[in-house]
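A short worksheet on the structure shown next.
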Amino acid sequence: MRAPIGSRATEPTVWARAIAAYGLDTRLDLGGRRLDPAIFMSVLMECQRHRLVGLFACAVDDEAVTLEPKDHDQLLEVVRSWHANQVRVEQLLFRVADQLERSGIDFRVLKGTALAHGTYADPELRSFGDLDILVPAEHFTRAAVVLATGLRGRRVLAELRPGFDARFGREILLKVDSLELDLHRTLVDGYFGHAIVLDDLFDAPSWFDLAGTRLPALGLAAQFVHSCSSAVLGNSTPRLISQRDVQQLMSAEGFDVGQPLLLARRWHSTAVVTTAIAESARALALRDADQRADAARFPPVHTRDKALIAAYRNRFSGKTSHASALLAIRGLRGQLSYGRAIAMPQRSFRHDRCELERSSR
């Protein structure tokens with residue numbers, strides 16, 4: 001494992017990439033190397049930012065990374081904190097499932113919780129900080145009321161404008177006992193979220209077991225396309241754990257990219273999947289030739305698709321990614337309604353957003 005640039009400033013990033021790739025066929029081999037105490041805290045902060053704490057702890061337990069005793073104690077303290085929070089998230093999941101089932105609302109568990117228990121060999125390897133739940137579009141706003149009432153939660157942001165959520169919304173963010181619960185109608189904002197055929201999300205689920213309870217996640221093809229979307233569209237700088245998710249799913253026994261390819265075509269997301277496969281392989285410095293063959297089955301990324309992806313990855317992405325949805329929304333009336341809500345949100349939304357930004361700072 002060697003940084004492409006020999007400065008100390010790059011070392012935490014290279015360590016984080018190697019930890020993200022731990023257990024895969026990668027050129028970033030940790031090889032039992034000693035982590036310099038002078039950069040340990042920087043590496044630990046990078047691992048927390050990229051949700052890699054579980055993989056970091058595993059690499060240390062396997063003696064793929066050697067730490068000084070005090071640094072080892074510090075890592076254990078951080079791991080315990082993450083695990084304690086993850087247990088609280090899992091307890092919240094049981095409460096959410098109970099409320100939705102009582103109300104006759106179907107659901108799917110998304111992202112970190114589902115991947116940790118359904119895709120990784122050990123759920124402790126996949127760190128996550130909140131809970132993401134998908135419900136059918138026709139029950140979206142009712143589910144938000146059911147959960148806010150039944151769990152004594154509160155909505156963090158008001159609607160952009162009345163009726164926006166049911167027609168165009170991606171998610172409603174609820175706070176329940178200081179935990180974040182993201183209730184989803186679709187998977188991402190903007191063009192690629194509005195291009196999804198929402199009924200496809202509730203085709204046959206995959207299942208995972210949590211403390212003896214069987215819970216539904218997206219079907220494997222949809223889960224893969226969603227993981228690719230998170231890796232490419234989720235943040236202007238992708239989290240390494242999102243890139244690891246893509247490769248973790250691809251390395252699963254029996255994985256065949258054919259079904260995700262068909263689904264991505266139906267959702268106009270082939271460019272997102274192609275980009276995710278290529279970028280995750282580069283970030284994790286993988287050697288595997290099979291996944292290059294998988295990527296070759298997808299069509300090349302054309303200029304229009306590059307521009308659409310770029311709308312999610314620039315300094316104004318909050319505005320440009322939302323604006324891109326106009327290309328997917330059908331009908332002039334719908335486009336005007338959506339554009340008005342984005343350009344002129346109601347006062348309660350603006351107030352809530354200011355409060356959220358203030359509390360984040």
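None of these values were measured; they are calculated from a predicted model.
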Salt bridge (Lys or Arg N to Asp or Glu O under 4.0 Å) between D177 and R95, intermediate numbers included: CA-CA 12 Å; D177 299 333; R95 295 168 62 198; 3.1 Å; yes
For side-chain contact (heavy atoms from CB on, under 4.5 Å), just list the numbers for S103 and V146, CA-CA rounded to whole Å, side-chain angles, deciding distance to a tenth of an Å, and then say yes or no. CA-CA 8 Å; S103 300; V146 165; 3.3 Å; yes
For R80 and E77, what are the C-alpha separation, side-chain angles and deciding distance, and is it a salt bridge (Lys or Arg N to Asp or Glu O under 4.0 Å)? CA-CA 5 Å; R80 289 191 192 103; E77 183 178 336; over 6 Å; no
Taking it one step at a time, do L100 and I133 satisfy side-chain contact (heavy atoms from CB on, under 4.5 Å)? CA-CA 10 Å; L100 294 176; I133 298 290; 4.0 Å; yes
Would Q86 and S127 count as a side-chain contact (heavy atoms from CB on, under 4.5 Å) if you check the C-alpha gap in whole Å, the side-chain angles of each, and the deciding distance to 0.1 Å? CA-CA 8 Å; Q86 286 170 206; S127 302; 3.6 Å; yes
Go through the steps to decide whether R161 and M344 satisfy the test side-chain contact (heavy atoms from CB on, under 4.5 Å), and finish with yes or no. CA-CA 8 Å; R161 296 194 74 84; M344 295 181 292; 4.3 Å; yes
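Partners of R34 according to the side-chain hydrogen bond (donor to acceptor under 3.5 Å, both in side chains) rule, which considers only residues two or more places apart in sequence or in another chain, are E68. Scanning for side-chain hydrogen bond (donor to acceptor under 3.5 Å, both in side chains) contacts around S178 gives R88, with sequence neighbours left out. In terms of the ring pair (Phe, Tyr, Trp, His ring centres under 6.0 Å) criterion, F140 has no residue partners (sequence neighbours excluded). A search for side-chain hydrogen bond (donor to acceptor under 3.5 Å, both in side chains) contacts involving Q248 returns R244, not counting sequence neighbours. Listed by chain and number, the residues in a side-chain hydrogen bond (donor to acceptor under 3.5 Å, both in side chains) with Q99 amount to none (sequence neighbours excluded).
Atoms CD1 and CG, on I196 and L187 in that order, are 4.0 Å from each other to the nearest 0.5 Å. Note that CG of L30 and CG of L28 are 8.0 Å apart. Values are rounded to the nearest 0.5 Å. One finds the CG atom of L110 at 10.0 Å from the OG atom of S227 (value rounded to the nearest 0.5 Å). Atom CD1 of I277 and atom CD of Q243 lie 12.5 Å apart (nearest 0.5 Å). Distance check, rounded to the nearest 0.5 Å: CD1 of I342 to CG of L326 gives 8.0 Å. Atom CZ of F164 and atom OG1 of T141 lie 13.5 Å apart (nearest 0.5 Å).
No close placement of the Y312 and Y191 rings is indicated, their centers lying 6.0 Å or farther apart. Between Y338 and H322, the ring center distance fails the sub-6.0 Å criterion.
No side-chain donor-acceptor contact under 3.5 Å links D62 to the backbone of A64. A distance-only check finds a donor-acceptor pair linking the side chain of T274 to the backbone of T270 [under 3.5 Å]. Proximity of a side-chain donor or acceptor of Q48 to a complementary backbone N or O of V53 within less than 3.5 Å is not detected. Of the possible donor and acceptor atoms, one in the side chain of Q346 sits under 3.5 Å from a partner among the backbone N and O of E159. R17 places a side-chain N or O within 3.5 Å of a backbone atom of A283 that can act as its donor or acceptor partner. Panel note: side chain N314, backbone A310; a donor-acceptor pair is recorded below 3.5 Å. Using a distance-only test at 3.5 Å, with no hydrogens or angles considered, a donor-acceptor pair links the side chain of T26 to the main chain of L284. When atom types are taken as modelled, the side chain of S242 and the backbone of P238 share no donor-acceptor pair closer than 3.5 angstrom.
Annotation for R142: atom CZ counts as buried by contact number, over 12 foreign heavy atoms lying within 6.0 Å.
At least one side-chain heavy atom of S206 sits under 4.5 Å from a side-chain heavy atom of Q223. Residues F224 and V273 form a side-chain contact, since some pair of their non-hydrogen atoms from C-beta on lies under 4.5 Å apart. Contact check for V272 versus V188: no side-chain heavy atoms found under the 4.5 Å cut-off. Between V43 and F56 the shortest side-chain heavy-atom distance falls below 4.5 Å. At a threshold of 4.5 Å between non-hydrogen side-chain atoms, the residues T186 and H194 do not count as touching. Side chains of L44 and Q74 form a contact here, defined as non-hydrogen atoms less than 4.5 Å apart. With a 4.5 Å cut-off on side-chain heavy atoms, L160 and F168 do not count as touching. Side-chain contact between R185 and R170: absent, with no pair of heavy atoms (C-beta onward) separated by less than 4.5 Å.
Between E11 and R33 there is no salt bridge, since no side-chain N of the basic residue sits under 4.0 Å from a carboxylate O of the acidic one. Between D209 and R214 there is no salt bridge, since no side-chain N of the basic residue sits under 4.0 Å from a carboxylate O of the acidic one. Using a 4.0 Å cut-off between charged side-chain N and carboxylate O, D245 and R126 make a salt bridge. The existence of a salt bridge linking D132 and R108 is excluded, since no basic side-chain nitrogen approaches an acidic carboxylate oxygen closer than 4.0 Å.
The aromatic rings of F208 and H117 lie parallel to each other, their planes meeting at an angle below 30°, with 60° marking the opposite boundary.
A salt bridge (charged side-chain N to carboxylate O under 4.0 Å, His left out) check over residues 191-203, counting only residues at least two apart or in different chains, returns the pairs D200-R266.
Screening V156, D130, L174 against E180 for a side chain to side chain contact (heavy atoms under 4.5 Å, CB included) leaves a single residue, D130.
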